[in-house]
Amino acid sequence: MSTKFTIEYADRIKQLPPYLFAEIDEKKVAVQARGVDVIDLGVGDPDMPTPAHIVQALQLAATNADNHQYPSYVGMLSYRKAATDWFARRFGISFDPATEVVSLIGSKEGIAHMPLAFVNPGDYVLVPDPGYPVYAIATSFAGGIPYMMPLKAENGFLPDLDGIPDDIAAKTKLMFINYPNNPTGAVADYDFFLKVVEFAARHNIIVCHDAAYSEMAYDGYKPLSFLEIPGARDIAIEFHSLSKTYNMTGWRIGFAIGNRKLVAGLGKVKTNIDSGAFQAIQEAAITALSADQQCVRQMCDIYRKRRDLMVAFLTKAGFTLASPQATFYLWINNPEGMCSAEVSTMFLEKAGVVVTPGNGFGAAGEGYFRISLTVSEERLNEAGERIIQALRV
Ligand SMILES: *Cc1c(COP(=O)(O)O)cnc(C)c1O
């Protein structure tokens with residue numbers, strides 16, 4: 001073997017930002033090693049099991065040998081029909097299951113593949129900051145240039161479209177938006193979506209709306225689909241996920257719905273890279289989407305109680321925050337004079353509580369930290385007490 005042999009990562013890998021949770025995990029392990037019972041309010045992964053009727057549907061479907069072969073990369077027609085039927089019931093608009101929806105191996109897969117289908121090297125992509133890290137990374141992987149749209153409290157954590165320079169908009173191929181929003185918990189109203197349609201149509205920009213939290217909403221609030229807005233069907237694709245709605249993050253199933261050509265482009269990438277989702281999982285997903293949605297209402301009830309509990313603790317600890325109408329995240333201003341990294345280190349060291357530093361979601365997230373409500377009320381109570389204690393000393 002030649003001694004000159006070296007293994008070098010590609011530039012796109014070398015240029016990756018450090019994985020947000022890797023550093024936090026390292027610190028968490030170190031604190032746990034000291035014997036601290038760490039409460040993790042960092043990662044947004046539902047703690048409760050997938051509802052039993054969905055698990056049973058998988059058990060049954062897994063025994064069917066027809067499901068053991070390669071699936072269709074765009075998904076079974078029956079799954080796509082269950083998706084469009086669910087969509088029509090939920091949002092009151094119809095899509096063609098044969099051409100306007102594609103199955104995804106989790107919505108992350110579709111989001112990550114979207115720039116490969118539509119972005120040429122050098123094209124700009126508008127990305128919310130703070131935001132789900134996949135938008136910017138998938139853009140860079142395709143050779144595109146992410147252009148950050150800061151989400152500011154004074155704008156309700158909606159991007160300021162008027163602040164995007166015309167010469168940037170002219171070079172922009174695609175934009176990502178995400179409401180209800182991770183990490184801020186913000187929601188978008190009809191007027192904002194209408195502005196996005198108008199802006200995107202004017203500049204010929206494809207809109208990718210990430211609707212992963214469309215069902216996690218409280219106090220009677222019902223999130224909109226971007227596709228409800230007149231004109232959206234001509235320019236947009238929306239990403240839906242069963243992960244958060246049905247506690248199915250490990251199953252990897254979702255779908256993208258919207259403009260036929262956008263759906264087809266995503267399908268072209270998928271047919272060349274993956275071979276679709278396990279059919280037994282699609283069968284179980286049909287059950288999830290088609291059955292009574294009681295389990296979703298129950299989940300929202302649980303998250304709402306947790307939200308109220310944690311907001312009360314944080315208020316008592318001296319923080320000022322509004323209760324989010326959707327998502328299972330709290331997005332909180334740092335204590336006076338501390339940066340986000342200091343806050344997360346302080347809570348870990350002094351309270352044994354993991355929170356996510358806001359700047360991990362982008363530079364504009366500096367000044368905030370995120371709490372995820374994906375632990376039991378009992379653990380949240382404990383975390384709340386410890387946070388109050390930590391800030392006292
Ligand atoms: C969780 C999450 C997703 C991804 O969900 P999948 O499990 O890949 O379907 C997408 N976008 C946001 C903002 C998320 O928080």
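Bear in mind that the values here come from a model prediction, so they are computed numbers and not experimental data. Both counts, for ligands and for their atoms, begin at 1 and track the order of listing.
For ligand 1, the 4.0 Å heavy-atom shell contains residues G106, S107, K108, Y132, Y135, N178, N182, D210, A212, Y213, S241, S243, K244, R252.
By the side chain to side chain contact (heavy atoms under 4.5 Å, CB included) test, L60 is found to be paired with no residue, residues two or more places apart in sequence or in another chain being considered. With sequence neighbours excluded, the residues forming a side-chain hydrogen bond (donor to acceptor under 3.5 Å, both in side chains) with S372 are T374, listed by chain and number.
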Let me check something: any side-chain donor-acceptor pairs from residues 307-314 under 3.5 Å, sequence neighbours excluded? List them with distances.
from : atom 1 : to   : atom 2 : distance (Å)
R307 : NH1    : D219 : OD2    : 3.0
R307 : NH1    : P324 : O      : 2.8
R307 : NH2    : D219 : OD1    : 3.2
R307 : NH2    : D219 : OD2    : 3.2

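For the pair R90 (side chain) and S214 (backbone), a donor-acceptor distance under 3.5 Å is present. Put simply, the side chain of Y218 gets close to the backbone of T327: a donor and an acceptor are under 3.5 Å apart.
Annotation for Q294: atom CD counts as buried by contact number, over 12 foreign heavy atoms lying within 6.0 Å.
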